[in-house]
Every structure is written in C-alpha cells, then in structure tokens.
Amino acid sequence: MILVAIGSNLAAPGFASPQAVAAAAVAQLPMIGIAVVRQSCWYLSEPVPPSDQPWYVNGAAIVETPLLPAALLGELLALETRFGRRRRARNAARTLDLDLLDYEGWQCATRRLVLPHPRLAERRFVLAPLAEIAPDWRHPGLGLMAAELLALMPPGQPVHRLGDPEMPRR
C-alpha cells in the first residue's frame, strides 16, 4: 500500500481556498502517473507547532503507481511547486504539502527520503484521515495499526472532519 498525505493552509493563485487547492492537486495525480485508489474526507487542523497561521485542510490517499519511492517523491514535490509551494522556512504556511507516508512497508532513511514518514505517528492531522481510509495499515517500524496509533495520541492537536457539526468556525 502506498500512502500520501495532503495538506494546505493557503489558497494558491487561481484557487478560492486551501480545500480547493488540495482537491485540485488530488485531481492532478492521475496525470502524473499516480492513481488514487481511495481518498479520505477533508479535515481541518490547527498548525503544528501551534502558530498564528491559518488552520490546515488535510486528507490522505491510498495510491498506486509504477514509480519507485524516490521518483514518486520527486513527482509529489514537483506538483507542490506547480501549486505555488515555496520552501522558505520549516513549518511555514503553504499552498500545498504532499507527503509520502509509506511505500509498501519500505523502510529507508536517506538525505532526501525517509520511509515511513518520520513524524506520521506523532501527527493527529495525518492519523485521522489515514485511519479513515486504512485503519488496519501497520506502521512498518512500530508495528501498530493506523487506528491504534490514532487512539494512542495524547490530547491536543485539534482535528475536525470538515462538515462535522461539532467543527469550530474558522
């Protein structure tokens, strides 16, 4: 299983909202050789670490591709750039963030690519959509399923499914 996280908290030029950016990016994945098998709902999450920047729209997708991990990451990063992503400062607001979370259980750590994604087990905004589409997926290093990792998250990191009546207004 190949897993990709999607996030945005700034509207790119030509788009009305971060959600529109994220949805458009997912729609473009098949055009670059990445088939979307299953996609989560969209979630709204507070920035991590907490800051005064806008909240994020987050989601996750199960994808299929003939691309190997490094090439897949390259395509994801190129798509971010096409949507106006500029890497200036760590944890800065962004038009698009596409993270390769896992590639068929591969484990590697190079300067450019770390699999599974090194912080996925610490991020509720990643685990909530991931547990929705792949609750039984097991973290290759920790051996825990996505739903278990989400249940083990400490309080904090507010994440709300878009459209949920309990969602705060932002």
Side-chain angles (χ1 to χ4, degrees), residues 1-48 53-87 91-106 112-137 139 146-147 149-150 157-164 167 170:
M1 185 178 313
I2 303 170
L3 302 168
V4 174
I6 307 119
S8 174
N9 73 336
L10 297 175
F15 292 90
S17 68
Q19 184 177 354
V21 171
V26 171
Q28 285 196 17
L29 290 174
M31 294 176 226
I32 57 173
I34 304 166
V36 178
V37 175
R38 187 158 187 214
Q39 181 187 339
S40 72
C41 294
W42 295 114
Y43 291 77
L44 188 66
S45 65
E46 186 174 39
V48 174
Q53 61 181 273
W55 281 40
Y56 281 81
V57 171
N58 297 102
I62 299 171
V63 302
E64 291 179 346
T65 183
L67 299 170
L68 293 176
L72 174 56
L73 179 63
E75 289 294 336
L76 295 175
L77 295 176
L79 187 57
E80 287 180 351
T81 300
R82 285 195 295 279
F83 276 88
R85 170 83 185 261
R86 303 293 175 257
R87 294 180 183 274
N91 299 316
R94 59 205 64 172
T95 55
L96 184 61
D97 190 23
L98 298 171
D99 288 331
L100 180 55
L101 300 176
D102 184 41
Y103 190 104
E104 298 178 353
W106 287 21
R112 183 167 177 192
L113 176 65
V114 178
L115 287 172
H117 190 281
R119 292 173 302 284
L120 84 88
E122 304 164 6
R123 304 288 204 234
R124 186 180 303 275
F125 63 84
V126 172
L127 291 172
L130 180 57
E132 175 192 330
I133 62 169
D136 297 333
W137 168 82
H139 188 288
L149 290 167
L150 181 58
Q157 292 187 14
V159 175
H160 306 277
R161 188 185 301 221
L162 282 176
D164 186 333
M167 188 177 79
R170 288 259 176 256

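Atoms considered below: every heavy atom in the structure, side chains included; atoms not considered: hydrogens, waters and symmetry mates.
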Hey, could you give me the CG/CG distance between L100 and L73, rounded to the nearest 0.5 Å?
6.0 Å
Any heavy-atom pair between the side chains of R123 and H117 that's under 4.5 Å?
no
Please round to the nearest 0.5 Å and tell me the distance separating atom CG of L3 and atom CG of L120.
8.5 Å
Mind checking whether V36 and V4 have side chains closer than 4.5 Å, heavy atoms only?
no
Hey, is the main chain of A23 close enough, under 3.5 Å, to the side chain of Q39 for a donor-acceptor pair?
no
Is L77 close to L98 at the side-chain level, that is, under 4.5 Å between some pair of heavy atoms?
no
For the residue pair P54 and L10, establish whether any side-chain heavy-atom pair is separated by less than 4.5 Å.
yes
Begin with the C-alpha distance, continue with both residues' side-chain angles, and end with the deciding distance and a verdict on side-chain contact (heavy atoms from CB on, under 4.5 Å) for L67 and Y103.
CA-CA 10 Å; L67 299 170; Y103 190 104; 5.7 Å; no
In short, L130 meets A146 closest at the heavy-atom pair CG-CB, 4.0 Å
For A93, does its backbone N or O pair with a side-chain atom of N9 as donor and acceptor, under 3.5 Å?
no
Quick check: do P18 and W55 have side-chain heavy atoms less than 4.5 Å from each other?
no
Heavy atoms, side chains only, cut-off 4.5 Å: are I2 and E64 in contact?
no
Report yes if some heavy atom in the side chain of L29 is under 4.5 Å from a heavy atom in the side chain of L76; otherwise report no.
yes
Quick check: closest heavy atoms across A12 and F83, and the distance to 0.1 Å?
CB-O, 3.3 Å
If you measure from OG1 on T95 to CD on E80, what distance do you get to the nearest 0.5 Å?
8.0 Å
Just by distance, do the side chain of R94 and the backbone of R85 share a donor-acceptor pair under 3.5 Å?
no
Heavy-atom pair of closest approach, residues L96 and A25
CD2-CB, 3.6 Å
Sequence neighbours excluded, the answer for ring-ring contact (aromatic ring centres under 6.0 Å, His included) partners of W42 is none
Where do G59 and S40 come nearest, in terms of heavy atoms and distance?
CA-OG, 3.3 Å
Report yes or no: does S8 contribute a side-chain atom to a donor-acceptor pair with the main-chain N or O of A22 at less than 3.5 Å?
no
Take T81 and R86 through the test side-chain contact (heavy atoms from CB on, under 4.5 Å) and record every step on the way to the result.
CA-CA 7 Å; T81 300; R86 303 293 175 257; 4.0 Å; yes
What's the separation between atom CD in E132 and atom CG in L150, rounded to the nearest 0.5 Å?
11.0 Å
Check whether any side-chain heavy atom of V159 sits under 4.5 Å from a side-chain heavy atom of E46, and report yes or no.
no
